[in-house]
Amino acid sequence: TKKSTNKGLGNGLTLFIEPIGKGGMKSYYGNWNDYSSGKRQQKRICLGKFNEISLADVREKWKEIKSWSKKEHKSIDKYFQIKKIEKDSQKTVRDAVNGFLEDIKDDIKPTTYREYNRKLNNQILDHIDGDILLKDLEWDKGGRNLVMKAIKKIEEDRKFDLGHRCRSLLKRTFDYA
């Protein structure tokens with residue numbers, strides 16, 4: 001078809017179908033009315049792609065989200081904010097490094113990627129345990145001291161430039177995370 005269409009699946013669920021000219025992708029959406037601003041706002045959230053998750057799983061996920069919203073007396077979009085925070089709080093330094101490298105891989109030259117990979121994995125992760133949770137590296141938990149000790153170790157033997165580059169890469173990695 002030339003227009004996008006919504007097929008109702010019941011209980012606030014729809015199957016959204018894009019036109020073929022835009023890729024023809026099919027996605028499941030949950031729809032609800034939000035009254036938090038004082039007036040009704042219709043909202044929707046994507047629950048998954050048609051070929052990646054079954055309708056039964058989507059229905060179960062949507063039921064869980066709606067029951068959470070009712071029990072906690074919070075809007076459905078708060079559910080996703082809280083879940084994201086919970087998921088992010090379990091990320092390790094190694095996860096951040098791998099995610100950062102994956103994110104920039106297509107935007108930089110292969111030689112630059114190789115250099116960043118070596119600095120992050122061979123220099124920084126040699127001095128900072130990759131299994132440390134990112135939340136444990138917050139300043140008030142002594143994370144700054146741990147990072148600065150690692151940079152000082154790298155700067156030993158007059159490798160100040162390497163230390164500076166590693167610090168810069170680590171900052172970009174943490175900004176990414």
Side-chain angles (χ1 to χ4, degrees), residues 1-110 112-113 116-117 120-121 125 130-141 143 168-177:
T1 63
K2 300 231 182 231
K3 293 174 110 180
S4 22
T5 56
N6 281 308
K7 302 254 187 222
L9 303 173
N11 200 18
L13 287 173
T14 56
L15 177 64
F16 177 74
I17 305 168
E18 282 185 347
I20 301 290
K22 289 189 176 181
M25 189 170 69
K26 300 176 184 177
S27 302
Y28 294 109
Y29 279 88
N31 304 289
W32 77 96
N33 294 320
D34 185 19
Y35 296 94
S36 61
S37 65
K39 58 183 180 180
R40 186 181 91 156
Q41 286 184 311
Q42 288 187 322
K43 292 191 171 184
R44 62 189 239 160
I45 190 94
C46 183
L47 299 171
K49 293 184 180 156
F50 179 74
N51 57 350
E52 294 176 3
I53 187 169
S54 71
L55 179 57
D57 290 341
V58 169
R59 287 186 195 279
E60 189 174 318
K61 183 177 182 181
W62 185 237
K63 185 178 175 184
E64 173 194 327
I65 292 167
K66 286 178 74 173
S67 66
W68 176 90
S69 175
K70 194 176 236 179
K71 187 177 110 190
E72 298 292 326
H73 302 290
K74 294 185 178 170
S75 176
I76 287 174
D77 40 4
K78 289 283 185 204
Y79 174 87
F80 291 98
Q81 291 172 356
I82 290 168
K83 287 296 181 185
K84 183 179 182 328
I85 290 168
E86 288 174 1
K87 183 180 173 190
D88 288 349
S89 69
Q90 300 304 312
K91 284 187 178 175
T92 63
V93 174
R94 183 171 283 109
D95 294 336
V97 165
N98 292 338
F100 172 70
L101 288 171
E102 189 63 35
D103 189 54
I104 64 166
K105 188 174 190 172
D106 296 332
D107 299 334
I108 57 176
K109 294 178 183 176
T112 306
Y113 175 80
Y116 286 3
N117 187 17
L120 288 168
N121 284 304
L125 291 183
D131 295 327
I132 292 177
L133 295 176
L134 287 176
K135 67 179 182 179
D136 293 337
L137 281 180
E138 293 173 355
W139 280 39
D140 58 340
K141 295 182 180 177
S168 172
L169 265 178
L170 199 53
K171 181 189 180 318
R172 288 178 61 191
T173 301
F174 290 150
D175 287 345
Y176 163 80

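If you're wondering where the values come from, they're calculated on a predicted model, not measured in any experiment.
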- [ ] Tell me, with the steps shown, if E138 and K141 meet side-chain contact (heavy atoms from CB on, under 4.5 Å).
- [x] CA-CA 5 Å; E138 293 173 355; K141 295 182 180 177; 4.0 Å; yes
Open item on the list: Between L101 and N121, does the side-chain contact (heavy atoms from CB on, under 4.5 Å) criterion hold? Intermediate values first, please.
Closed with: CA-CA 10 Å; L101 288 171; N121 284 304; 3.8 Å; yes
- [ ] Test side-chain contact (heavy atoms from CB on, under 4.5 Å) on K26 and E18 and set out the steps.
- [x] CA-CA 6 Å; K26 300 176 184 177; E18 282 185 347; over 6 Å; no
Task: D57 vs K61, salt bridge (charged side-chain N to carboxylate O under 4.0 Å, His left out): CA-CA, chis, key distance, verdict - done: CA-CA 6 Å; D57 290 341; K61 183 177 182 181; over 6 Å; no
Task: From CA spacing to verdict: side-chain contact (heavy atoms from CB on, under 4.5 Å), I45, W32 - done: CA-CA 9 Å; I45 190 94; W32 77 96; 3.8 Å; yes
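A 4.5 Å side-chain heavy-atom check between N11 and K66 finds at least one atom pair inside the cut-off. L137 is listed as a side-chain neighbour of V93, based on a closest heavy-atom distance under 4.5 Å. Side-chain contact check for N98 versus L120: every heavy-atom pair is 4.5 Å or farther apart. By the 4.5 Å heavy-atom criterion applied to side chains, W68 and K78 are counted as neighbours.
Atoms OG and CH2, on S67 and W62 in that order, are 11.0 Å from each other to the nearest 0.5 Å. Between the CG atom in L15 and the CG atom in L55 there is a gap of 8.5 Å [rounded to 0.5 Å]. To the nearest 0.5 Å, atom CG of residue D131 and atom CG of residue D136 are 11.5 Å apart. The distance from the CD1 atom of I17 to the CZ atom of F50 is 8.0 Å, given to the nearest 0.5 Å. Distance check: T14 OG1 to Y28 OH gives 11.0 Å after rounding to the nearest 0.5 Å. Atoms NZ and CG, on K171 and D175 in that order, are 3.5 Å from each other to the nearest 0.5 Å.
Side-chain atoms of T112 do not come within 3.5 Å of backbone N or O of I108 as any donor-acceptor pair. Using modelled atom types, one side-chain atom of R59 and one backbone atom of L9 make a donor-acceptor pair closer than 3.5 Å. Under a 3.5 Å cut-off, the side chain of D103 and the backbone N or O of F100 do not form any donor-acceptor pair.
A side chain to side chain donor-acceptor pair (under 3.5 Å) with K43 is found for exactly one of N33, D34, N31, namely D34.
Within a 6.0 Å sphere centred on CD of E60, heavy atoms belonging to other residues, nucleotides or ligands number 12 at most. Other residues, nucleotides and ligands contribute at most 12 non-hydrogen atoms within 6.0 Å of the NZ atom of K105.
Contact detail for L134 and A96: the closest heavy-atom pair is CD1-CB, 3.9 Å.
A cation-pi arrangement is present between R44 and F16, with the terminal nitrogen or guanidinium carbon under 6.0 Å from the aromatic centre and inside a 45° cone about the axis.
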